Amino acid sequence: MAKDPVRVLVTGAAGQIGYALVPMIARGVMLGPDQPVILHMLDIPPAAEALNGVKMELVDAAFPLLKGVVATTDAVEACTGVNVAVMVGGFPRKEGMERKDVMSKNVSIYKSQASALEAHAAPNCKVLVVANPANTNALILKEFAPSIPAKNITCLTRLDHNRALGQISERLNVQVSDVKNVIIWGNHSSTQYPDVSHATIKTPSGQKPVRELVSDDDWLKGEFIKTVQQRGSAIIKARKLSSALSAASAACDHIRDWVLGTPEGTWVSMGVYSDGSYNVPAGLIYSFPVTCRAGEWTIVQGLSVDEFSRKKMDATAEELTEEKALAYSCLS
């Protein structure tokens, strides 16, 4: 039996990440090779012509799974009936802008898009926020879409998770698919904590701890963490544009694992609504290790946290608490 199409919204769809993301979704990378999709693409009126160009290209690519395209600058039309929403659109920080300026622009964008999703999305719509500040944008969206369950609103830290896997695989010269269970704790910002304390590598003689195989704690606690934290800036420096391809790929990974489940014995990193696990203040959107089953994520419990990790986890939670306060001050 053919499946019913799933409606997937991408906001900021005419931008760099959107342009990389929509063909991946249309090809089945996000929801699976047998899942038809209808793409809803939203962008701002000045980008309407570019958005129409993206729609033309989607038609020209003749994707078998793509059962329709809605390209619009109207948030209500874009949000109507969507099952998955990938929020890529946001206001980027420009030179000379204060954090508060960026925050207040994004607060107003996410407040209005939250209202459109609240009123028009399908029940049980899953939301992934990609635009920075991703954790706090997701929190604002949650605030103004009270009927969407808190567990359905997440933010993207899978890009950082994948970056951490990539750094370990390069360092040890192993396949990235053989590295698992790194963790990104906290904020999708330069305070995030990439943690390999529980990560392992598949070897011919079974799973081995990453820490044991790297056997260089100075690198793991220093350069490795810094490289993952600063990777976005390094790519902008090299490419003169931000990381669009890897961000789009990570967004697909995030939704795919959330909807279809994580492999047995493997966890991934997702920015989710904190319930106080690992002494992270409840009510923040914070990145935790999670497993997914039947469309639901669960925070992995009972992992040991050493003193070094505790400090890093607390520092990123502190930044998120400050961001939350700043965002709420923009509302009043």
Side-chain angles (χ1 to χ4, degrees), residues 132 134-135 155-238 243 246-247 249-250 253-254 257 262-272 274 277-280 284 286-291 299-320:
N132 287 323
N135 300 56
C155 83
L156 187 72
T157 53
R158 182 58 175 269
L159 177 53
D160 310 298
H161 180 99
N162 288 349
R163 284 167 171 165
L165 294 174
Q167 288 305 304
I168 296 297
S169 98
E170 286 208 313
R171 174 79 179 194
L172 293 174
N173 196 22
V174 296
Q175 294 296 318
V176 75
S177 53
D178 290 338
V179 189
K180 70 175 189 181
N181 296 353
V182 299
I183 302 168
I184 303 296
W185 298 101
N187 198 0
H188 174 61
S189 76
S190 58
T191 67
Q192 61 170 273
Y193 170 43
D195 178 11
V196 299
S197 310
H198 307 277
T200 60
I201 309 273
K202 183 178 162 188
T203 73
S205 52
Q207 299 287 341
K208 291 275 167 69
V210 162
R211 180 154 273 143
E212 183 188 305
L213 293 179
V214 170
S215 70
D216 182 346
D217 261 16
D218 288 347
W219 182 78
L220 284 171
K221 289 182 170 178
E223 194 188 329
F224 163 73
I225 291 175
K226 215 163 129 191
T227 300
V228 177
Q229 288 173 337
Q230 304 289 341
R231 188 67 162 185
S233 310
I235 287 168
I236 290 175
K237 200 173 165 206
S243 43
S246 51
S249 182
D253 290 345
H254 175 112
D257 286 344
T262 45
E264 195 59 43
T266 302
W267 63 66
V268 294
S269 303
M270 281 170 71
V272 299
S274 171
S277 291
Y278 296 100
N279 294 334
V280 169
L284 294 176
Y286 187 99
S287 181
F288 289 96
V290 303
T291 55
I299 296 172
V300 176
Q301 296 295 341
L303 297 173
S304 59
V305 173
D306 62 16
E307 196 185 339
F308 176 83
S309 296
R310 185 74 261 165
K311 279 189 175 141
K312 295 274 188 203
M313 288 160 69
D314 290 347
T316 190
E318 209 167 291
E319 182 184 56
L320 280 169

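Owing to the predicted nature of the structure, the values given are computational and were not obtained by experimental measurement. Positions are given from 1, in the same order as the sequence printed here.
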field: Donor-acceptor pair, side chain of Thr266 and main chain of Thr262, under 3.5 angstrom
entry: no
task: Search all heavy atoms of Lys180 against all heavy atoms of Gly265 and return the closest pair with its distance.
output: NZ-O, 3.3 Å
- request: Starting from the C-alpha separation in whole Å, work towards a yes-or-no answer on side-chain contact (heavy atoms from CB on, under 4.5 Å) for Phe224 and Val214.
  value: CA-CA 11 Å; Phe224 163 73; Val214 170; over 6 Å; no
Side chain Asp217, main chain Arg211, donor-acceptor under 3.5 Å: no
- line: Nearest heavy-atom contact between Leu320 and Gly186 is CD1-C, 3.9 Å
query: What is the minimum heavy-atom distance between Ser277 and Gln301, and which atoms define it?
result: OG-NE2, 2.9 Å
message: How long is the straight-line distance from CD1 of Ile184 back to CE of Met270, given to the nearest 0.5 Å?
response: 14.0 Å
- prompt: When rounded to the nearest 0.5 angstrom, what distance separates CE in Met313 from CG in Asn279?
  reply: 8.0 Å
Main-chain N/O of Ser287 paired with Thr157 side-chain donor or acceptor, under 3.5 Å: no
Lys312 (side chain) donor-acceptor with Trp185 (main chain) under 3.5 angstrom: no
field: Ile299 CD1 to Tyr286 OH distance, which is reported to the nearest 0.5 Å
entry: 10.5 Å
field: Glu318 atom CD, over 12 foreign heavy atoms within 6.0 Å
entry: no
query: Ser205 pairs by side-chain hydrogen bond (donor to acceptor under 3.5 Å, both in side chains) with which of Lys202, Gln207, Lys208?
result: Lys208
query: Minimum heavy-atom separation for His198 to Ser304, with atom names?
result: NE2-O, 2.9 Å
message: Please report the interatomic distance CG(Asp195) to CG(Leu220), rounded to the nearest 0.5 Å.
response: 10.0 Å
- line: Heavy-atom nearest pair, Gly302 first then Tyr278, reads N-OH, 3.2 Å
- request: Determine whether Val300 and Val290 make a side-chain contact, defined as any pair of heavy atoms from C-beta on separated by less than 4.5 Å.
  value: no
message: Within the supplied structure, the quantity of interest is the number of heavy atoms (other residues, nucleotides, ligands) at a distance under 6.0 Å from Glu264 CD; does it exceed 12?
response: no
message: Return the CD to CD1 distance between Glu212 and Ile201, rounded to the nearest 0.5 Å.
response: 11.0 Å
Without placing hydrogens or testing angles, list every side-chain donor-acceptor pair under 3.5 Å for residues 159-175, not counting sequence neighbours.
| unit_1 | atom_1 | unit_2 | atom_2 | d |
| --- | --- | --- | --- | --- |
| Asp160 | OD1 | His188 | ND1 | 3.3 |
| Asp160 | OD1 | Gln192 | NE2 | 3.0 |
| Asp160 | OD2 | His188 | ND1 | 2.7 |
| His161 | ND1 | Ser269 | N | 3.4 |
| His161 | ND1 | Ser269 | OG | 2.8 |
| Asn162 | OD1 | Arg158 | NE | 3.1 |
| Asn162 | ND2 | Asp253 | OD2 | 3.0 |
| Arg163 | NH2 | Ser243 | OG | 3.1 |
| Ser169 | OG | Gly166 | O | 3.3 |
| Arg171 | NH2 | Asp216 | OD2 | 3.1 |

message: Please evaluate residues Thr203 and Leu213 with respect to the criterion side-chain contact (heavy atoms from CB on, under 4.5 Å), reporting the C-alpha separation (whole Å), side-chain torsions for both, the decisive distance (0.1 Å), and the verdict.
response: CA-CA 10 Å; Thr203 73; Leu213 293 179; 4.1 Å; yes
field: Glu307, CD: over 12 other non-hydrogen atoms inside 6.0 angstrom
entry: no
message: I'd like to know if the side chain of Tyr193 and the backbone of Asn187 have a donor-acceptor N/O pair within less than 3.5 Å.
response: no
query: Heavy atoms, side chains only, cut-off 4.5 Å: are Leu303 and Trp267 in contact?
result: yes
task: Could you tell me whether the side chain of Asn135 and the main chain of Cys155 form a donor-acceptor pair under 3.5 Å?
output: no
query: How many angstroms lie between atom CG of Asn181 and atom OG of Ser197, to the nearest 0.5 angstrom?
result: 12.0 Å
